[in-house]
There are 2 protein chains.
Amino acid sequence: MPPEEPSTRDRLLDAFETLLVTEGSRAATLDAVAAEAGVSKGGLLYHFHSKDELVEGMLDRMRLMGERDATAMRTAPQGPVDYYLETSVDSGSAFDRALIAAARIAQENDERASHALAELRDQWFAVLSDHLGDEALARTIQLIGDGLYFDDTSGFTDPRALEHVRDVLARLDL
Amino acid sequence: MPPEEPSTRDRLLDAFETLLVTEGSRAATLDAVAAEAGVSKGGLLYHFHSKDELVEGMLDRMRLMGERDATAMRTAPQGPVDYYLETSVDSGSAFDRALIAAARIAQENDERASHALAELRDQWFAVLSDHLGDEALARTIQLIGDGLYFDDTSGFTDPRALEHVRDVLARLDL
DNA sequence: GTCTATATTCTGATAGAC
DNA sequence: GTCTATCAGAATATAGAC
């Protein structure tokens with residue numbers, strides 16, 4: 001069967017994430033989300049009764065994608081380290097967008113978002129640590145990934161950053 | 001002479017930064033900033049005619065602290081690398097608070113904030129690169145610093161992170 | 001399921017008293 | 001320099017028509 005059109009509900013979550021990522025949390029109003037998704041505010045509020053429910057819907061979807069990502073990382077042909085570093089620079093994937101959006105929400109002092117992100121990080125660290133058998137190295141690589149991610153989402157783009165990291169890791173026989 | 005009391009102007013900038021860092025940009029309203037600084041909204045608007053001027057005042061103050069930080073990094077007794085990594089975990093200093101606050105503003109699509117932060121990053125990279133004579137290593141260390149900073153400001157605290165990084169850098173004869 | 005209309009509160013900003 | 005009073009517009013949310 002052909003791929004289904006995204007439901008209005010999913011288009012609303014997409015719109016919410018897009019606004020959070022590109023314009024920040026102050027711009028992600030119900031009005032703006034509805035307009036971005038091409039529905040009225042009343043239409044939005046039928047699917048999500050409040051802004052809080054919009055946040056919860058977004059985090060639920062992110063957690064689902066997180067499960068799949070951890071599996072992909074464990075079984076990646078290039079190995080978990082390279083998979084992790086590659087996916088730390090924003091590929092524009094739906095998962096990346098969800099992660100950045102959740103980080104924006106977490107910064108507004110939202111415990112649910114902070115907690116969901118912390119759980120994802122713990123999963124990633126477990127995969128790296130299991131694979132490398134070296135906690136210090138696993139943590140350092142996670143920090144490099146965090147740095148790549150932070151730079152990328154902050155607009156500090158160095159196109160050669162990943163190449164430089166691989167160069168340095170090679171000196172550690174990785 | 002004794003240290004001066006902070007001016008109302010400085011207390012307003014402090015309050016703005018504190019709210020941005022602890023509760024995010026949505027919470028940093030003029031009302032909230034005035035209350036946090038212990039003045040009325042009218043009092044605030046005497047010193048800063050608009051929210052935009054508040055942002056500019058904050059960035060100006062941050063740039064000033066940035067100049068001093070770059071000098072301190074170049075002349076640090078423990079060397080630039082360790083100085084940089086140490087100051088990448090939030091020490092609670094006024095400069096750290098300003099950096100985090102500026103990052104929050106930058107995320108709201110503010111070019112002035114993004115540009116000011118990019119200039120600071122270029123200064124830090126120049127000091128690291130000059131000292132190490134190795135661009136790949138300098139960039140990797142900057143990424144680790146970014147990761148430490150990101151984790152710290154996101155509430156992902158690993159008290160042994162810095163220790164782990166030092167361990168790995170030692171394997172590179174640093 | 002989606003829309004329009006409306007109520008309520010919040011936000012940024014002005015004017016003018018003290 | 002700081003305050004109170006006030007306003008226009010935005011933001012979240014409800015009610016009810018279609």
Side-chain angles (χ1 to χ4, degrees), chain A residues 4-61 101-102 104-113, chain B residues 4-61 101-102 104-113:
Chain A
E4 289 176 39
E5 296 290 304
S7 63
T8 300
R9 193 192 142 88
D10 271 317
R11 279 190 299 114
L12 284 164
L13 291 176
D14 292 345
F16 186 40
E17 289 178 355
T18 297
L19 283 165
L20 281 171
V21 170
T22 59
E23 301 184 54
S25 44
R26 289 192 108 238
T29 66
L30 296 185
D31 251 322
V33 171
E36 173 84 18
V39 298
S40 68
K41 213 189 323 191
L44 185 165
L45 286 161
Y46 167 79
H47 292 280
F48 302 97
H49 294 1
S50 69
K51 205 174 181 184
D52 242 49
E53 283 190 20
L54 202 52
V55 170
E56 270 163 26
M58 188 192 83
L59 294 178
D60 285 343
R61 220 173 54 160
R104 302 280 197 255
I105 298 291
Q107 285 178 352
E108 309 287 324
N109 232 347
D110 186 303
E111 265 308 311
R112 299 162 301 175
Chain B
E4 288 176 40
E5 296 290 305
S7 64
T8 300
R9 193 192 142 87
D10 271 317
R11 279 190 300 116
L12 284 164
L13 291 176
D14 292 345
F16 186 40
E17 290 177 355
T18 297
L19 283 165
L20 282 170
V21 170
T22 59
E23 300 184 54
S25 44
R26 289 188 115 246
T29 65
L30 296 186
D31 252 321
V33 171
E36 174 83 18
V39 296
S40 69
K41 208 183 337 185
L44 185 165
L45 286 161
Y46 168 79
H47 291 280
F48 302 97
H49 295 359
S50 69
K51 205 175 181 182
D52 244 50
E53 283 190 19
L54 202 52
V55 170
E56 272 163 26
M58 188 191 83
L59 294 179
D60 285 343
R61 220 174 53 160
R104 302 282 197 255
I105 298 290
Q107 285 178 353
E108 308 289 323
N109 236 344
D110 186 302
E111 266 308 312
R112 299 163 300 174

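A quick note: this is a predicted structure, and the numbers were derived from the prediction, not measured. Chain letters run A, B, ... following the sequence lines, proteins first and then strands; every chain starts at 1.
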Report the distance from atom [atom1] of [X] to atom [atom2] of [N], rounded to the nearest whole Å.
X       : N      : atom1 : atom2 : result
B/Leu44 : C/dT14 : CG    : P     : 13 Å
B/Leu19 : C/dT11 : CG    : P     : 12 Å
B/Phe48 : D/dG1  : CZ    : C1'   : 14 Å
B/Arg11 : D/dG1  : CZ    : C1'   : 12 Å
A/Leu12 : C/dG1  : CG    : P     : 13 Å
A/Leu30 : D/dA13 : CG    : P     : 6 Å
A/Lys41 : D/dT12 : NZ    : P     : 8 Å
B/Asp31 : C/dT9  : CG    : P     : 15 Å

Would a distance-only check, ignoring hydrogens and angles, find a side-chain to backbone donor-acceptor pair under 3.5 Å from [X] to [Y]?
X        : Y       : result
B/Glu108 : A/Arg26 : yes
A/Arg104 : A/Gly24 : no
B/Asn109 : A/Thr22 : yes

Within less than 4.0 Å of OP1 or OP2 of [N], is there a side-chain N or O belonging to [X]?
X       : N      : value
B/Tyr46 : D/dG1  : yes
A/His49 : D/dT14 : no
B/Thr8  : D/dT2  : yes

Worksheet item: Between B/Arg26 and B/Leu45, which has a closest nucleotide on DNA chain C that is more 5'?
Response: B/Arg26
Item to complete: Give A/Thr29 one of three labels, base, sugar-phosphate or nothing, depending on what nucleic acid heavy atoms sit under 4.0 Å from its own.
Response: sugar-phosphate
Worksheet item: Rounded to the nearest 0.5 Å, how far does CG of B/Asp31 lie from OG of B/Ser40?
Response: 10.0 Å
